[in-house]
Amino acid sequence: MILMRENTILELYETMLRSRCLEEAITRLWEEGYIFGEMHLGIGEEAIIAGVLSHIIPGDAIATDHRSTPPFLMRGVDPEVLLLELLGHQKGLCLGMGGHMHLFNQELLLTSSGIVGSSGPSAVGFALAAKYRKTNNIAVAFFGEGAMNQGMLLESLNLAASMNLPVLFVCKDNNWAITTQSNEVTGGVLLDRVRGFGIEAREIDGSDVKAVWQATKTAIPRMRGGKKSPYFIQAHCTHKEGHFLGDPLLRFHRAPKKEFGAVTGPLTKSVLHYKGGRIDKRIGSVAKVLSLIAKSRMQLSDSKDPIKRLEKDQKELGKQFSQIQLAIQSEVDALVTGVMNTLKQEVAQ
Amino acid sequence: MILMRENTILELYETMLRSRCLEEAITRLWEEGYIFGEMHLGIGEEAIIAGVLSHIIPGDAIATDHRSTPPFLMRGVDPEVLLLELLGHQKGLCLGMGGHMHLFNQELLLTSSGIVGSSGPSAVGFALAAKYRKTNNIAVAFFGEGAMNQGMLLESLNLAASMNLPVLFVCKDNNWAITTQSNEVTGGVLLDRVRGFGIEAREIDGSDVKAVWQATKTAIPRMRGGKKSPYFIQAHCTHKEGHFLGDPLLRFHRAPKKEFGAVTGPLTKSVLHYKGGRIDKRIGSVAKVLSLIAKSRMQLSDSKDPIKRLEKDQKELGKQFSQIQLAIQSEVDALVTGVMNTLKQEVAQ
Amino acid sequence: MRKMSFADAIESALKQAMSEDPNVFLIGEDLHTFRVNLLAQFGKERVQSTPISESAFLGAGVTAAMAGLRPVVEIMLIDFIGVAIDALLNHASKVYSFSGGKWNVPLVVRASCGGGYGDGGQHEQTLWGWLAHIPGLNVVVPSNPADAGQLMLSAIEADHPVIYLEHKLLADYWLDYMGTGGRENVIFDVPDAGAEGEVPERWEPLPIGQAICLRQGTDLTLISLGVSIHRCLEVAEILAEEDVSTEVIDLRWVSPLDTSIILNSASKTKRVIVVDEDYLQFGLSGEIAALLAEGIDSKCQFGRVCTESTIPFNRNLEDKILPNVDRILKLARGFTYEKRK
Amino acid sequence: MRKMSFADAIESALKQAMSEDPNVFLIGEDLHTFRVNLLAQFGKERVQSTPISESAFLGAGVTAAMAGLRPVVEIMLIDFIGVAIDALLNHASKVYSFSGGKWNVPLVVRASCGGGYGDGGQHEQTLWGWLAHIPGLNVVVPSNPADAGQLMLSAIEADHPVIYLEHKLLADYWLDYMGTGGRENVIFDVPDAGAEGEVPERWEPLPIGQAICLRQGTDLTLISLGVSIHRCLEVAEILAEEDVSTEVIDLRWVSPLDTSIILNSASKTKRVIVVDEDYLQFGLSGEIAALLAEGIDSKCQFGRVCTESTIPFNRNLEDKILPNVDRILKLARGFTYEKRK
Ligand SMILES: Cc1ncc(C[n+]2csc(CCOP(=O)(O)OP(=O)(O)O)c2C)c(N)n1
Ligand SMILES: Cc1ncc(C[n+]2csc(CCOP(=O)(O)OP(=O)(O)O)c2C)c(N)n1
Ligand SMILES: [Mg+2]
Ligand SMILES: [Mg+2]
């Protein structure tokens with residue numbers, strides 16, 4: 001066990017918090033209608049991203065999935081151009097052409113994609129390039145547990161293993177894939193599956209940034225040297241905001257009257273329709289869905305919030321934490337106000 | 001251990017031999033230029049196919065790969081229409097439209113495909129249909145070990161496992177995928193990989209028809225009842241004819257002068273070219289390829305021939321075997337002569 | 001006649017089909033919530049949820065259909081077909097031919113498609129012309145509730161693979177899911193007549209490959225489908241005031257194409273604009289040009305308004321590159337009309 | 001000038017490119033044997049063999065290119081792209097646009113294509129028009145050794161994804177591998193001028209998107225590429241005897257299309273036949289029709305000879321459904337030529 005220095009903890013806290021504050025601001029902007037389309041947040045994943053990225057060196061590459069804002073931010077992309085991109089602005093990271101699921105940064109070798117599972121092959125390609133050039137760089141793939149059933153990701157595990165490529169596969173496991181409980185559609189045990197490809201794999205609590213930091217602190221440097229080989233981390237986490245902003249399952253909890261009202265009519269009609277399956281099966285099906293909605297509520301809980309958790313675990317740093325909080329919150333507030341003012345001016349012109 | 005009756009052994013022998021004789025005839029017809037395109041044989045796989053298929057009942061479905069002739073024959077397709085199909089004749093199984101990689105038979109629920117890995121999803125679909133209809137039928141997927149790195153096959157393992165579908169996955173492992181030694185491009189151990197998907201898996205010697213018969217004799221009935229779930233068999237085998245008829249690796253052994261003559265010129269030039277990689281690496285690469293060619297020779301050996309093996313193991317049945325041999329050989333000869341005569345008459349007209 | 005939303009019409013037609021034919025079932029990701037009403041009525045054997053394994057479950061759908069079932073396989077967004085298209089390219093489309101015409105694949109692939117709500121280039125494609133390039137596949141794209149329900153029946157009853165594409169601007173729950181997210185302050189250009197409309201009391205299939213003329217005209221033919229058909233109708237109204245009489249044809253089916261309706265209209269108007277949300281090059285608009293070139297003796301004025309590049313995230317840019325009223329109008333006004341000379 | 005086979009020309013160009021740019025490397029299945037000469041010269045870092053995992057290694061090729069390398073990813077047969085096309089459809093083709101034009105993907109995808117040797121419908125497709133439908137991808141199809149080598153250089157030097165398709169009837173080792181298998185008693189209709197020919201001493205890239213006029217004529221334009229171009233040249237010879245002067249254009253690039261050469265020739269001859277081994281519908285032939293309709297003022301006679309269905313296994317049927325001299329001739333003879341009137 002490597003001891004973490006206080007500084008490191010504070011840095012991680014700051015990093016995670018900045019990401020959180022920015023995504024909270026994004027939430028407001030989305031709710032106000034300034035951000036279009038789907039908006040998947042990384043809220044709840046900050047410990048995983050921050051813990052992994054703290055061991056990243058120049059030249060390493062990161063392939064992310066649809067929750068790309070936190071890794072882009074934490075890897076060093078200017079929060080302003082990031083925010084402008086999500087707003088579709090031509091001064092954004094990608095001139096407003098990409099949006100949050102299609103963020104790219106060539107200097108930092110950062111990619112994202114809205115196609116589930118594609119970060120696997122993407123990271124493999126970066127690792128291949130690093131090996132080809134005989135650097136000691138690695139590539140990281142971030143993806144969810146739902147992606148573990150996508151063929152190209154499975155293929156990429158084998159490709160990395162059989163070609164001895166320095167890929168760190170990071171599975172951010174919240175056990176949800178949109179409205180599906182992943183354990184119900186996934187055979188076997190994920191870690192066994194990964195080890196079956198000849199890849200070393202380890203499970204950690206992804207809400208504990210120290211655990212993530214420590215696990216990768218040993219794993220990543222090992223991947224850089226000598227016989228390069230992939231490594232796999234399954235890090236458990238929750239998404240307070242559900243699958244994406246406006247998640248219909250969570251809406252049931254937030255505005256139960258409105259949402260249930262819209263749904264129960266057709267649902268009752270369907271259950272009672274004179275044609276259809278056996279009535280006990282029908283009721284069973286509906287019960288299942290209702291229990292799913294109930295379960296989705298658990299995501300709202302703070303108990304697995306990585307930031308709250310760090311605050312609790314490191315009570316003795318409370319004072320420093322508060323200072324950081326103040327600083328970050330005002331930093332992000334200023335950023336958002338600035339950006340939105342510019343935007344409004346532009347519109348006014 | 002279930003005891004095999006003598007009758008069963010004789011039946012298996014007959015089945016395997018008929019397939020062998022037919023494919024030997026196909027070899028001649030191909031060599032004579034009557035069959036077009038690639039021609040992948042199942043010679044060497046007969047024990048696997050025969051062993052598995054002896055436990056198949058009406059309504060079961062079989063999805064095969066590019067080595068489709070033996071399973072089609074052994075499942076009961078008329079050898080004449082099969083042969084006519086390979087010859088591209090309009091009286092063939094598929095009116096000459098399919099050819100050996102695209103054989104289909106609706107009555108027997110038999111499919112084939114030239115796309116590596118596709119028999120996995122195909123078998124899953126048949127098993128899904130069986131479960132949907134609440135029959136006790138199963139579906140079998142035949143594929144090679146090379147296909148175990150193809151995403152859709154990996155996905156289909158998970159799909160069968162998570163949906164509890166009665167799919168028997170049969171991996172005919174000859175450790176070759178065209179000119180690639182599969183163990184060199186495959187991470188981990190195949191059985192572990194499969195078990196990692198939550199599927200029971202077992203390894204057997206695919207040249208031993210009794211082993212195959214026995215393994216599936218217990219596994220298949222179990223899949224039919226109660227909680228339906230998939231099962232996986234890794235059955236080792238060799239392909240005497242290499243990847244396909246005219247396999248270039250094997251041609252080196254069969255006509256070494258001719259083949260080496262054509263290749264060594266450009267090869268030496270490349271090794272000695274003043275531009276390129278470090279010379280030791282170049283020579284290393286060529287050495288690797290030469291050793292590959294050398295290794296490919298092993299396929300020519302009879303030691304893993306399932307038919308020879310059965311004859312050796314069951315010496316006491318020698319007399320019956322010879323009788324069967326005579327009968328099958330003349331049956332197939334008559335068939336081929338008949339078909340070819342008709343063909344020649346048609347051409348003459 | 002009853003009124004229904006586009007999405008309800010599809011659901012209603014599926015209810016009818018599933019009630020009447022026990023072989024019809026649905027399979028795809030998240031169906032237990034996305035198709036919760038059908039689940040409630042028919043139970044989970046008929047509405048099956050899957051892992052994120054499109055190539056496995058689409059491939060499985062092909063053989064399930066070959067086994068005699070009538071699967072409706074859902075690919076959430078047609079953009080995701082990229083991970084699974086082998087099942088269509090090399091299997092579903094070819095089994096009938098390979099088997100010498102002896103084995104059918106009565107498969108329906110259902111997916112949402114189309115843009116106009118700011119989701120970017122990997123989530124807003126239509127790809128219908130791309131899919132239709134493969135012989136052996138039919139592709140259908142309804143533009144209003146009545147067609148949506150009827151064409152779903154046509155797709156289910158067809159004995160060969162049909163890809164059924166529902167546009168996200170027409171299907172309200174998709175738009176809520178992907179675009180609005182419960183917000184009341186974002187508005188998209190949803191064509192009313194496409195999102196809601198009268199539907200028959202009982203669903204009957206429409207003939208495969210039959211287009212419909214939605215507006216008669218003599219000077220110009222606009223050929224389109226999906227959401228864009230509503231843009232065309234709007235353009236026709238405007239052009240009417242400019243004394244251009246516009247005919248508007250809703251193809252409904254990309255494949256098979258209704259050649260005769262196209263040729264008849266073009267022979268009459270001698271001016272054709274194809275408005276196609278799919279990519280411009282090597283697709284539907286070109287195919288129609290070829291039909292005209294082969295089938296009409298005199299020269300037709302021809303133009304096309306299509307998507308010419310990867311769809312940008314920025315909403316303004318997006319609206320500009322998708323077929324829109326302005327682009328169609330501009331092209332149409334650039335044509336020469338005899339009576340004006 | 002030296003003489004070379006089509007296959008040797010590609011290898012020779014690759015040798016030159018790999019000698020001069022250490023970033024160029026090859027990756028794909030069985031390359032240690034299929035590209036043994038390149039392996040022998042450059043070692044296994046530059047010639048990497050993979051498992052049968054097209055979607056993983058093609059996807060990896062995309063990011064390897066984004067990291068600044070110049071990968072040539074081999075998909076053995078273009079038919080197999082179905083299992084991996086997401087990497088092209090949603091990634092390789094779109095990164096440049098998504099990144100706001102800041103990040104290039106200098107990827108080459110090399111694959112064999114085409115039929116005429118009896119391998120059936122899953123192994124003989126060309127799919128070039130299908131691939132070209134996706135904005136952001138270029139597709140190139142050489143028809144002779146000189147072009148094969150030069151266009152390989154063009155593909156490697158391009159800063160965006162290029163799909164390079166080599167026809168199996170032209171590349172002798174493919175034909176030996178898949179068709180002949182060392183036999184001397186099977187013969188295929190290999191066009192001599194395509195399989196072997198003069199090549200430059202040193203390989204230089206040809207301009208991207210530049211077609212070439214292989215034969216001048218005034219009455220009829222045949223537009224084609226790949227093997228079919230040789231069928232067209234044969235037809236032109238025959239038609240010459242019938243007093244029809246035929247122009248033959250080898251497109252080389254499906255995308256970008258050389259619009260001006262097409263329009264210039266068509267304006268002159270007023271008769272165009274597209275001969276395209278890819279599928280007829282929603283593809284290259286239609287795109288050319290659209291270009292003509294948009295770009296030429298008077299009516300052109302237009303026809304197309306393409307593959308209209310899944311390719312049958314039976315050799316006779318196969319030869320009939322692939323574009324061939326008879327089909328082209330029949331169509332060309334059906335056109336009306338003024339001087340004959
Ligand atoms: C190939 C593909 N299939 C389906 C989708 C739709 N989709 C987007 S996110 C998602 C769930 C992903 O689950 P997981 O990988 O666990 O990530 P999470 O959202 O939980 O972080 C799905 C199914 C997609 N984008 N791509
Ligand atoms: C998707 C796909 N990729 C590549 C090929 C080319 N190919 C045909 S057979 C084969 C090797 C298959 O190896 P294996 O599965 O072990 O079967 P075997 O031939 O050894 O029986 C390959 C790579 C193909 N047909 N399909
Ligand atoms: Mg998840
Ligand atoms: Mg093998």
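Since we're looking at a predicted model, the values are computed, not measured. Reminder, nothing fancy here: chain letters follow the sequence lines and each chain counts from 1.
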**OP:** Output yes when a side-chain donor or acceptor of D/Asn90 lies under 3.5 Å from a complementary backbone atom of C/Phe80, and no otherwise.
**Re:** no
**OP:** Pick one of side chain, backbone, both or neither for D/Phe98, based on which atoms fall under 4.5 Å of a heavy atom in chain C.
**Re:** side chain
**OP:** Flag the one option from D/Gly303, D/Ala84, D/Pro312, D/Ser298 with the top tally of heavy-atom pairs under 4.5 Å to chain C.
**Re:** D/Ser298
Original post:
Would you say the side chain of D/Phe282 lies within less than 4.5 Å of the side chain of C/Leu131, judging by non-hydrogen atoms?
Top reply: no
Original post:
Given a strict heavy-atom distance threshold of 4.5 Å, which part of C/Ser93 is in contact with chain D: side chain, backbone, both, or neither?
Top reply: backbone
**OP:** Below 4.5 Å from any heavy atom of chain C, which atoms of D/Val254 appear? Answer side chain, backbone, both or neither.
**Re:** both
Original post:
Are the side chain of D/Asp86 and the backbone N or O of C/Ile81 linked by a donor-acceptor pair below 3.5 Å?
Top reply: no
Original post:
What part of D/Ile288 gets closer than 4.5 Å to chain C, counting heavy atoms only: side chain, backbone, both or neither?
Top reply: neither
Subject >> Under-4.0 Å salt bridge between D/Glu124 and C/Lys94 >> reply: no
**OP:** Could you look at C/Glu308 and say if it's the side chain, the backbone, both or neither that has a heavy atom under 4.5 Å from chain D?
**Re:** backbone
**OP:** Assess whether atom NZ of C/Lys268 is packed by more than 12 heavy atoms of other residues, nucleotides or ligands within 6.0 Å.
**Re:** yes
Original post:
What option among D/Leu257, D/Asp79, D/Ile85 has the most heavy-atom pairs under 4.5 Å with chain C?
Top reply: D/Ile85
Original post:
For chain D, which of C/Ala132, C/Gly120, C/Cys300 has the most heavy-atom pairs under 4.5 Å?
Top reply: C/Ala132
Original post:
If you tally heavy-atom pairs under 4.5 Å against chain C, which of D/Glu294, D/His91, D/Gln301 wins?
Top reply: D/Glu294
Original post:
Counting only N and O atoms by type, is there a donor-acceptor contact under 3.5 Å from the side chain of D/Lys299 to the main-chain atoms of C/Ala293?
Top reply: yes
Original post:
Measuring heavy-atom distances to chain C, does D/Ser97 have an atom under 4.5 Å in its side chain, in its backbone, in both, or in neither?
Top reply: side chain
**OP:** Please check if the side chain of D/Trp130 supplies one atom and the backbone of C/Ile134 the other of a donor-acceptor pair under 3.5 Å.
**Re:** no
Original post:
Checking heavy atoms, do the side chain of C/Leu88, its backbone, both or neither come under 4.5 Å from chain D?
Top reply: neither
Original post:
What is the distance from atom CD of D/Glu287 to atom CD of C/Glu287, rounded to the nearest 0.5 Å?
Top reply: 11.0 Å
**OP:** Go through C/Ile311, C/Leu280, C/Asp297 and name the one with the most non-hydrogen pairs under 4.5 angstrom from chain D.
**Re:** C/Asp297
**OP:** Start with the C-alpha gap between C/Leu89 and D/Gln122, add the side-chain angles, then the distance that decides, and say whether side-chain contact (heavy atoms from CB on, under 4.5 Å) holds.
**Re:** CA-CA 9 Å; C/Leu89 174 67; D/Gln122 281 175 338; over 6 Å; no
Original post:
Using a cut-off of under 4.5 Å for heavy-atom pairs, which of D/Leu127, D/Asp278, D/Thr307, D/Leu292 has the most such pairs with chain C?
Top reply: D/Asp278
Original post:
Is a side-chain N or O of D/His133 found less than 3.5 angstrom from the main chain of C/Gln281, in a donor-acceptor match?
Top reply: yes
**OP:** Please report the shortest heavy-atom distance between C/Gly286 and D/Ala289, naming the atom on each side.
**Re:** O-CB, 4.3 Å
